[in-house]
Each structure stands twice: as C-alpha cells, then as structure tokens.
Novice: 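A single structure is presented below for examination.
In this chain, numbering begins with 1 at the start of the sequence shown.
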Amino acid sequence: MSDSRQRLGAFGEREARDYLLKRGYEILESNFRCPIGEIDIVARDGDFLVFVEVRTRRGSEFGTPEESITQAKKGKLVHLAQYYIQQHAGLPASWRIDVVAIEVGRNGKISRIELIENAVD
C-alpha cells in the first residue's frame with residue numbers, strides 16, 4: 001500500500017472514531033489484528049457490540065467508499081467479528097457490523113461522512 005493511501009486510511013480512521021464518539025459509541029479498540037485480518041474499530045453502541053469498517057476515498061470516480069466493500073470482504077468481516085468474540089469474554093450478546101464511509105475533497109477536507117448501521121448481513 002502506498003504511503004499516501006496509508007495516510008488517507010489513518011486520517012479516515014481518526015475521523016471515524018471522532019464521529020462515532022459524537023454519536024455516543026464507546027470505542028473499545030482500534031486496529032485489532034489477528035491471523036485472519038484486521039478490524040478497524042471495535043465499539044459499543046448501547047447493548048450492541050459493533051465492528052466498524054472504515055472506508056475513505058478521495059472523490060468518487062471509482063465509486064463510493066461503501067461500494068468498495070465486496071461480498072468477499074463482507075464475509076471476511078463476519079469471520080473477523082466471530083474470531084474477536086471467541087477471543088474476548090464478557091461482551092454483549094448482540095453484535096453488528098457498521099461501515100463509516102468518508103469522502104475527502106481535493107482540498108483535503110471531508111465532503112461526506114456517513115454511518116451505515118448493520119451494513120453486513
């Protein structure tokens with residue numbers, strides 16, 4: 001991954017954490033890594049454990065951020081969530097996967113940030 005994409009991704013994850021905190025989410029963990037991949041953000045929203053995938057894009061010439069999540073990626077997110085739950089005790093019984101979609105304009109400022117709850121079924 002290019003340095004520019006890494007910086008954009010890190011920027012998006014910081015902005016997503018702030019956005020979720022303002023919406024009342026409790027951030028439990030960021031960048032959880034395990035043998036099968038990474039979960040961007042693990043949070044709690046009321047009685048739900050929430051696994052958050054952050055997608056950040058500059059412009060929409062290659063589609064919106066949320067459109068970049070393929071069926072294969074959705075399946076991987078479910079497996080990552082199940083792995084996390086198996087590795088941690090005392091978690092809420094209910095869980096879901098949300099997506100935070102972020103678009104950044106040419107000026108480097110966020111032009112759109114959107115929370116999509118229960119984005120993976």
Side-chain angles (χ1 to χ4, degrees):
M1 184 184 304
S2 73
D3 196 41
S4 175
R5 273 187 65 185
Q6 283 181 328
R7 281 195 308 273
L8 181 64
F11 168 77
E13 288 179 13
R14 281 191 309 274
E15 292 297 321
R17 281 191 298 274
D18 289 346
Y19 181 75
L20 293 170
L21 287 169
K22 288 176 186 168
R23 293 183 63 100
Y25 284 55
E26 175 189 357
I27 306 298
L28 303 177
E29 196 164 349
S30 295
N31 303 111
F32 170 79
R33 289 180 177 84
C34 68
I36 56 175
E38 178 181 331
I39 301 170
D40 294 332
I41 299 170
V42 180
R44 189 177 189 134
D45 179 31
D47 293 333
F48 279 87
L49 179 65
V50 184
F51 301 95
V52 182
E53 175 72 5
V54 180
R55 289 294 170 127
T56 308
R57 294 283 183 271
R58 287 190 195 281
S60 58
E61 63 188 86
F62 297 109
T64 65
E66 58 272 27
E67 289 173 338
S68 71
I69 303 174
T70 63
Q71 281 304 116
K73 179 63 177 182
K74 288 178 181 181
K76 187 172 183 178
L77 290 169
V78 170
H79 285 109
L80 284 162
Q82 291 168 335
Y83 180 91
Y84 186 91
I85 290 165
Q86 289 174 349
Q87 300 300 313
H88 296 80
L91 298 172
S94 300
W95 61 275
R96 68 176 192 254
I97 298 172
D98 291 358
V99 171
V100 174
I102 302 172
E103 292 179 3
V104 179
R106 295 193 186 280
N107 61 2
K109 298 200 183 296
I110 293 175
S111 58
R112 179 177 78 99
I113 185 166
E114 182 178 348
L115 172 64
I116 303 160
E117 291 184 8
N118 209 24
V120 177
D121 36 22

Novice: Do Glu117 and Leu115 come close enough that some side-chain heavy atom pair is under 4.5 Å?
Specialist: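 Heavy-atom side-chain distance check passes, below 4.5 Å.
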Novice: Heavy atoms, side chains only, cut-off 4.5 Å: are Phe51 and Leu80 in contact?
Specialist: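 With C-beta onward as the side chain, the pair stays apart.
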Novice: Please list, one pair per line, the donor and acceptor atoms closer than 3.5 Å that link side chains of residues 16-24 to other protein atoms, with sequence neighbours excluded.
Specialist:
{"residue": "Tyr19", "atom": "OH", "partner": "Arg23", "partner atom": "NH1", "Å": "3.4"}

Novice: Do Val104 and Ser111 come within less than 4.5 Å of each other through their side chains, counting heavy atoms only?
Specialist: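 They are not in side-chain contact.
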Novice: Once you round to the nearest 0.5 Å, how far does CD1 of Ile102 lie from CZ of Arg14?
Specialist: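 That separation rounds to 10.5 Å.
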Novice: Check for a donor-acceptor pair, side chain of Asp98 on one end and backbone N or O of Asn118 on the other, with a separation under 3.5 Å.
Specialist: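 At least one qualifying donor-acceptor pair exists.
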Novice: Same cluster or not: Ile69 versus Val100, using hydrophobic residues (I, L, V, M, F, W, Y) connected whenever any side-chain heavy atoms lie under 4.5 Å apart?
Specialist: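 In one cluster: no.
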Novice: Side chains of Glu38 and Asn31: closer than 4.5 Å at any heavy-atom pair?
Specialist: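 Counting from C-beta outward, Glu38 and Asn31 do come under 4.5 Å.
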Novice: Return the set of residues passing side chain to side chain contact (heavy atoms under 4.5 Å, CB included) with Phe48 (not counting sequence neighbours), or none when no residue passes.
Specialist: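 If we apply the side chain to side chain contact (heavy atoms under 4.5 Å, CB included) test to Phe48, skipping adjacent residues, the hits are Val50, Ser94, Arg96.
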Novice: Do Phe11 and Ile113 share a hydrophobic cluster, counting only Ile, Leu, Val, Met, Phe, Trp and Tyr and linking them when any side-chain heavy atoms are less than 4.5 Å apart?
Specialist: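 Yes, Phe11 connects to Ile113 through the hydrophobic network.
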Novice: Going by salt bridge (Lys or Arg N to Asp or Glu O under 4.0 Å), name the residues that satisfy it together with Arg112, two or more places apart in sequence or in a different chain.
Specialist: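 For Arg112, the residues satisfying salt bridge (Lys or Arg N to Asp or Glu O under 4.0 Å) (neighbours in sequence not counted) are Glu66, Glu103, Glu114.
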Novice: Is it the case that one hydrophobic cluster holds both Trp95 and Leu77, taking links as side-chain heavy atoms less than 4.5 Å apart, direct or via other members?
Specialist: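 Yes, Trp95 and Leu77 fall within the same hydrophobic cluster.
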Novice: Within the supplied structure, the quantity of interest is the number of heavy atoms (other residues, nucleotides, ligands) at a distance under 6.0 Å from Asn107 CG; does it exceed 12?
Specialist: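 Yes, CG of Asn107 has more than 12 neighbouring heavy atoms, counting only those of other groups under 6.0 Å.
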Novice: Please, which pairs that meet salt bridge (charged side-chain N to carboxylate O under 4.0 Å, His left out) have at least one residue in residues 70-87, sequence neighbours excluded?
Specialist: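 Matches after skipping sequence neighbours: Glu53-Lys73.
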Novice: Distance-only, no hydrogens or angles: does the Glu13 side chain make a donor-acceptor pair with backbone N or O of Ala10 under 3.5 Å?
Specialist: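 No: the side chain of Glu13 does not pair with the backbone of Ala10.
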Novice: If you look at every heavy atom in Val52 and Asp40, which pair is closest and at what distance?
Specialist: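 Minimum heavy-atom contact is O-CB, 3.3 Å.
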Novice: Under the rule for side-chain hydrogen bond (donor to acceptor under 3.5 Å, both in side chains), what residues qualify as partners of Glu15, not counting sequence neighbours?
Specialist: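 So Glu15 forms no side-chain hydrogen bond (donor to acceptor under 3.5 Å, both in side chains) with any residue.
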Novice: Are Leu91 and Tyr25 co-members of a hydrophobic cluster defined by side-chain heavy atoms under 4.5 Å apart?
Specialist: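 Tyr25 and Leu91: separate clusters.
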Novice: Identify the two heavy atoms, one from Pro92 and one from Asp47, that lie closest to each other, and give their separation to 0.1 Å.
Specialist: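 Residues Pro92 and Asp47, closest heavy atoms: CB-O, 3.3 Å.
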Novice: Could you grab the distance from atom CD of Gln86 to atom SG of Cys34, nearest 0.5 Å is fine?
Specialist: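 If we round to the nearest 0.5 Å, Gln86:CD and Cys34:SG are 10.5 Å apart.
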Novice: Not counting sequence neighbours, which residues clear ring pair (Phe, Tyr, Trp, His ring centres under 6.0 Å) with Phe32? List them please.
Specialist: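 With neighbours one apart ignored, the set is Tyr84, His88.
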Novice: Hydrophobic clusters here meaning ILVMFWY residues chained together by side-chain heavy-atom distances under 4.5 Å, can you tell me if Ile41 and Val120 are in one?
Specialist: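 In one cluster: no.
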Novice: Go through the side-chain N and O atoms of Arg57 and Ser68 and say whether any donor and acceptor fall under 3.5 Å apart.
Specialist: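 Judged by distance alone, the side chains do pair up.
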